[in-house]
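These notes are about the structure you will find just below.
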Amino acid sequence: MRLTLRVWRQDSGEEKGHLVKYEVDDASEDMSFLELIDVLNEKLILRGEEPVAVDNDCREAICGACSMVIDGVQHGPEKATTTCQLHVRQFSDGDTITVEPFRAGGFPVIRDLVVDRSAFDRIIQAGGYITAPTGAAPDAHAILVPKAAADRSFAAANCIGCGACVAACPNAAAMLFTAAKVTHLNALPQGQPERDARSLDMVAAMAREVFGSCTNHGECEAVCPKGIPLEFIAGLNRDVIRAAFHRHREPLVVVGAPRHPAHEGD
């Protein structure tokens, strides 16, 4: 297959970026999209040019590091698929494909297609843990988990933190990610001791980052490679209201955002 790639090149976050056109005339339809970038980079290195910086790790749709926008869609045209699992066969011979980094204030560009997603780490650090003494692995059955709670927690734990939800949202909101990480633990009996603090603290951490407000566009769910449902955001809203009442305090708001209990500021 012969493909033309229009790739975003940017030396650093302080520099201006631009699209550069490259020809790949020996692409195989069985390649993943990351392998296609590898082939391009091999050609660039052999020509003495700087290879395209791209983030990746597992290449098994687990880590979420391979985030990029392909022809205007986060992770590309195939639904429920990460970039590393997107195959070249999804495109036609002679196609021109535009490849860009995720666009969001909370994800500043580091170089080319690599963005800084450490804001997600800070949200998780604010409350993504439990302190219940559950013991070692053999003691796991000592705390019974209802089937419905386990299913909900597993569904939320599918979130790989890739950031497609933020990049697709017109407001660059991080509500779907935050809701998944909160729900993952709030649904379990072991997560109840910190439930209220977790809900408020993780939403507050989200508000401190450069993310916008959730206005229920639903683009986050549409591009999520793991199919995290929008209903988790509603669940997070309920948990924040519950926590605010339990703590006898009013939920805070993000400056300039609609007054909504799911958005807490400093």
Side-chain angles (χ1 to χ4, degrees), residues 1-11 16-104 107 109-117 158-170 172 176-177 217-230:
M1 295 177 64
R2 182 181 180 87
L3 298 170
T4 300
L5 300 181
R6 298 174 68 242
V7 183
W8 184 262
R9 304 304 307 265
Q10 185 171 345
D11 290 338
K16 289 186 177 181
H18 58 283
L19 289 168
V20 179
K21 185 180 293 186
Y22 300 104
E23 301 290 339
V24 180
D25 54 12
D26 54 352
S28 168
E29 65 177 15
D30 296 322
M31 288 178 177
S32 72
F33 202 84
L34 281 187
E35 289 173 319
L36 178 65
I37 299 295
D38 289 341
V39 169
L40 170 61
N41 279 339
E42 288 177 2
K43 294 178 182 297
L44 294 177
I45 292 170
L46 289 173
R47 296 203 302 252
E49 299 180 31
E50 191 71 24
V52 177
V54 57
D55 202 0
N56 67 97
D57 186 13
C58 72
R59 300 199 179 211
E60 295 178 347
I62 297 173
C63 72
C66 61
S67 306
M68 62 182 73
V69 179
I70 303 169
D71 279 347
V73 181
Q74 291 68 27
H75 291 295
E78 188 174 0
K79 190 174 178 62
T81 303
T82 54
T83 299
C84 64
Q85 296 291 292
L86 175 70
H87 285 86
V88 174
R89 68 176 67 98
Q90 294 295 322
F91 304 93
S92 301
D93 186 35
D95 277 356
T96 297
I97 307 169
T98 301
V99 188
E100 302 172 271
F102 278 0
R103 307 287 189 181
F107 294 157
V109 174
I110 297 175
R111 184 182 180 89
D112 294 341
L113 304 178
V114 181
V115 299
D116 180 359
R117 293 176 297 144
N158 279 333
C159 172
I160 57 177
C162 68
C165 52
V166 173
C169 176
L176 191 65
F177 165 79
H217 280 268
E219 290 297 319
C220 53
E221 181 183 38
V223 301
C224 176
K226 295 300 179 180
I228 303 299
L230 203 63

Run E78 and H87 through side-chain contact (heavy atoms from CB on, under 4.5 Å) and show every step you take. CA-CA 9 Å; E78 188 174 0; H87 285 86; 5.5 Å; no
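- Here the side chains of H75 and L86 are not in contact, with every heavy-atom distance at 4.5 Å or above.
- You'll find the side chain of E50 stays beyond 4.5 Å of the side chain of D112, heavy atoms only.
- Contact check for V20 versus V7: no side-chain heavy atoms found under the 4.5 Å cut-off.
- Residues L34 and M68 are in side-chain contact: their nearest non-hydrogen atoms beyond the backbone lie under 4.5 Å apart.
- Taking 4.5 Å as the limit, every side-chain heavy atom of C84 sits out of range of all side-chain heavy atoms of E60.
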Under the side-chain contact (heavy atoms from CB on, under 4.5 Å) criterion, do L36 and L5 qualify, and how do the steps go? CA-CA 10 Å; L36 178 65; L5 300 181; 4.0 Å; yes
Does the pair I70 and F91 meet the rule for a side-chain contact (heavy atoms from CB on, under 4.5 Å), with working shown? CA-CA 11 Å; I70 303 169; F91 304 93; 3.9 Å; yes
T96 vs R6, side-chain contact (heavy atoms from CB on, under 4.5 Å): CA-CA, chis, key distance, verdict: CA-CA 7 Å; T96 297; R6 298 174 68 242; 3.6 Å; yes
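- Here the closest non-hydrogen pair linking C63 and D57 is SG-CB, 3.6 Å.
- At a threshold of 4.5 Å between non-hydrogen side-chain atoms, the residues V54 and T83 do not count as touching.
- Looking at heavy atoms from C-beta onward, W8 lies in side-chain contact with R103 at the 4.5 angstrom threshold.
- By the 4.5 Å heavy-atom criterion applied to side chains, V24 and M1 are not counted as neighbours.
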